[in-house]
**Student:** 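First the structure, then my questions, so here it is.
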Amino acid sequence: MRSSQLSNPRTWFCVRRNGAARREGWLDGDSPADIRPRVGARPGEVVEACIAGDSRPVPVRRFSRVFFPRARGIVGMELGLFGETVRLSPTRMLAANLGFDRALEKFLAARNAGRDEFAAGGELRAFSAAQYLLPSGNGRSPVKLFRGSTLVDPEPSSREGRAADLADGIGTWMLANLSPDGGLPYKYWPSRGTESPADNAIRRFLASLALARLGELRGSTEIRDAARRNLRFNLERYFQDIGGGRGAIVERTGAKLGAAAVAGLAILENPAPEEFSRELAMLAAGIDSLVDEERGFRTFFFPAERDGENWNFYSGEALLFWAEAARRKLPVAPTLACCSAAFERCRAWHRRKRNPAFVPWHTQACTSLYAQSGRREYADFVLEMNDWLLPMQQWDGLDPDLKGRFYNPRRPDFGPPHAASTGAYVEGLGDAAALARGLGDEKRAAAYERAVHRGLRSLRQLQFRDERDAFYISRRDRVLGALRTEAYDNAVRVDSAAHALLGAIKILRPVDVGARRYERAT
């Protein structure tokens with residue numbers, strides 16, 4: 001971090017070539033048109049610029065009230081101690097994926113100081129900033145940025161076109177990042193240019209499922225082959241025979257019902273399912289062994305002490321696997337009576353303690369079961385769940401780049417806003433909209449479709465769409481088409497891409513529930 005005086009130059013600049021910073025600093029003036037020549041930008045170099053606006057002092061004790069995660073990329077921060085001052089522009093923090101708390105820690109560590117010393121004698125200010133990207137080339141105008149990105153219009157000219165653009169970008173990213181042996185990166189840090197050592201099998205199999213559906217949608221041999229190789233890679237890495245004719249997806253931390261179910265779904269959708277018939281049969285037997293007479297399903301094969309964790313997710317993934325296996329009339333499929341019994345237990349458990357994580361997977365499962373049986377209780381529950389979910393989508397009174405995400409600030413226990421969550425809710429709402437439309441419930445269909453397209457706007461905003469979104473990234477092939485976790489967190493995760501892709505496909509190819517009306521349950 002470079003030091004500057006609080007009242008000194010107000011324009012931050014960073015000259016970049018292929019994403020890498022070459023020169024950076026603060027200078028006087030506030031005209032975007034003058035910045036390139038003043039900083040000596042050469043052809044092929046872009047300039048990131050922040051023109052600081054209103055600055056206000058912040059009491060140190062109120063640090064977290066001003067410098068919270070959603071303010072990152074909007075609010076700049078000035079830190080002063082021992083006569084030294086550091087000013088951090090919003091785009092600089094975004095490019096480094098640097099949070100406010102971490103910035104303070106680094107500032108204090110560089111001065112061998114602690115928080116008590118900062119509280120006693122530190123200076124703290126916040127400032128606004130107009131953000132620009134100044135491209136190379138004659139006649140190219142400055143690009144206005146909001147939180148380091150260009151804004152996606154709230155209302156697209158073509159909703160299907162937006163879904164197609166989202167899907168095409170994710171598909172391009174997946175193909176570009178598929179390793180020769182079929183693996184996809186689980187988590188990538190664009191600011192560091194490195195992969196995270198973290199791992200999660202369920203999220204990896206979601207990518208296998210999404211690739212398979214995209215290959216079917218596009219009729220692409222290349223994508224279908226990528227889906228097959230990715231599924232084989234994941235099965236070889238995680239699938240194990242756990243005895244008694246059962247198979248499971250085994251990780252270092254245990255074996256989860258959800259992992260077995262999503263792996264099974266990926267096999268069902270794969271263009272070469274016969275290649276994985278052994279694994280499918282054993283995974284189905286494993287899922288069957290976790291049926292629970294009270295909750296519908298237990299959630300862990302092992303360790304036993306973790307059973308019950310993530311029930312909201314895993315029970316729906318398992319019921320969807322059962323429903324889709326039944327729809328295909330596979331030998332491993334349970335009867336519709338078994339599906340109905342599990343459904344009734346899950347429904348009762350959910351009503352006792354509702355959670356939004358339950359909704360998208362069970363929506364898809366119930367929509368599939370309704371399409372097969374016409375039983376009113378499945379459709380009713382889809383409408384009940386999604387009516388309850390809708391108020392959790394944010395729109396009015398929110399920063400323009402956050403519109404359409406799902407988050408309930410009054411219930412932080414439901415989880416933080418996240419690209420993967422928005423993608424999952426779009427998936428479920430896509431089925432709910434198709435179901436409502438098939439039932440002739442036009443009011444609900446319109447409400448669900450509006451939520452789907454608002455969610456799609458959020459996902460498209462989070463996508464690395466072009467070089468303007470990736471101006472600070474050197475290896476752009478690692479991120480273009482992928483999704484950031486949030487507008488203020490650029491970490492890329494494979495399930496964010498997979499859920500968004502699956503949601504886009506629901507728009508491009510809605511589920512067919514038929515034009516039937518409710519039939520009396522038998």
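For the numbers below, each heavy atom of this structure counts, side chains included, while hydrogens, waters and symmetry mates do not. The model shown is predicted, which means the values in this text are computed figures rather than measured ones.
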**Student:** Side chain to side chain donor-acceptor pair (under 3.5 Å) between Ser149 and Asp469: does it pass, once the steps are laid out?
**Tutor:** CA-CA 5 Å; Ser149 182; Asp469 298 312; 2.5 Å; yes
**Student:** For residues Phe358 and Trp311, establish whether the separation of their ring centroids is below 6.0 Å.
**Tutor:** yes
**Student:** Picking from Arg484, Arg102, Arg72, what satisfies side-chain contact (heavy atoms from CB on, under 4.5 Å) with Asn97?
**Tutor:** Arg72
**Student:** I'd like to know if Arg92 pairs up with Glu24 as an ion pair, taking the criterion as any Lys NZ or Arg NE/NH1/NH2 lying under 4.0 Å from an Asp or Glu carboxylate oxygen.
**Tutor:** yes
**Student:** Donor-acceptor check, side chain of Glu123 to backbone of Phe118, threshold 3.5 angstrom: yes or no?
**Tutor:** no
**Student:** Are more than 12 heavy atoms, taken from residues, nucleotides or ligands other than Asn112, located less than 6.0 Å from that residue's CG atom?
**Tutor:** no
**Student:** Specify whether Phe464 and Tyr472 have parallel, tilted or perpendicular ring planes, treating 30° as the upper limit for parallel and 60° as the lower limit for perpendicular.
**Tutor:** perpendicular
**Student:** Check whether any side-chain heavy atom of Leu429 sits under 4.5 Å from a side-chain heavy atom of Leu390, and report yes or no.
**Tutor:** yes
**Student:** Between the side chains of Ser55 and Arg125, does any donor sit under 3.5 Å from an acceptor?
**Tutor:** yes
**Student:** Testing the 3.5 Å rule here: is there a donor-acceptor pair between the side chains of Asn230 and Ser208?
**Tutor:** yes
**Student:** Side chains of Asp495 and Leu206, heavy atoms from C-beta outward: is any pair under 4.5 Å?
**Tutor:** yes
**Student:** Looking only at heavy atoms, which two atoms of Tyr188 and Gly193 are closest? And how far apart?
**Tutor:** OH-CA, 3.3 Å
**Student:** Angle between ring planes, Phe300 versus Tyr314, binned at 30° and 60°: parallel, tilted or perpendicular?
**Tutor:** tilted
**Student:** Does a donor on one side chain sit under 3.5 Å from an acceptor on the other, for Thr91 and Gln131?
**Tutor:** no
**Student:** Heavy atoms only: give me the nearest Asp401-Gln461 pair and the separation to one decimal.
**Tutor:** O-CG, 3.5 Å
**Student:** Can you name the nearest heavy-atom pair linking Gly404 to Thr422, along with the distance?
**Tutor:** O-CG2, 4.1 Å
**Student:** Where the side chain of Arg237 meets the backbone of Gly183, is there a donor-acceptor pair that is under 3.5 Å apart?
**Tutor:** no
**Student:** Using the salt bridge (charged side-chain N to carboxylate O under 4.0 Å, His left out) rule, take Glu251 and Arg204 through it: C-alpha gap first, then chi angles, then the decisive distance, then the call.
**Tutor:** CA-CA 12 Å; Glu251 302 172 77; Arg204 287 185 180 274; over 6 Å; no
**Student:** Given side chains that start at C-beta, do those of Val152 and Arg465 come closer than 4.5 Å, heavy atoms only?
**Tutor:** yes
**Student:** Nearest heavy-atom pair of Arg405 and Pro417: which atoms, and what distance?
**Tutor:** NH1-CG, 3.3 Å
**Student:** Name the residue from Thr363, Asp387, Asn386 that meets the side chain to side chain donor-acceptor pair (under 3.5 Å) definition with Tyr448.
**Tutor:** Asp387
**Student:** Here's one to test your reading of the geometry: is the NZ or CZ of Lys256 within 45 degrees of the ring axis of Phe301 and under 6.0 Å from its centre?
**Tutor:** no
**Student:** Shortest non-hydrogen contact from Val75 to Pro90?
**Tutor:** C-CG, 3.8 Å
**Student:** Do the ring planes of Trp388 and Phe414 sit parallel (below 30°), tilted (30 to 60°) or perpendicular (above 60°)?
**Tutor:** perpendicular
**Student:** Do NZ/NE/NH1/NH2 and the carboxylate oxygens of Arg16 and Glu48 come within less than 4.0 Å?
**Tutor:** yes
**Student:** Can you find a side-chain donor-acceptor pair between Tyr488 and Arg147 that sits under 3.5 Å?
**Tutor:** no
**Student:** So, for Val494 and Pro185, which heavy atoms are closest and what is the spacing to 0.1 Å?
**Tutor:** CB-O, 3.5 Å
**Student:** Going by heavy atoms in the side chains, are Phe100 and Met93 under 4.5 Å from each other?
**Tutor:** yes
**Student:** Can Glu195 and Arg478 be counted as an ion pair, charged N to O under 4.0 angstrom?
**Tutor:** yes
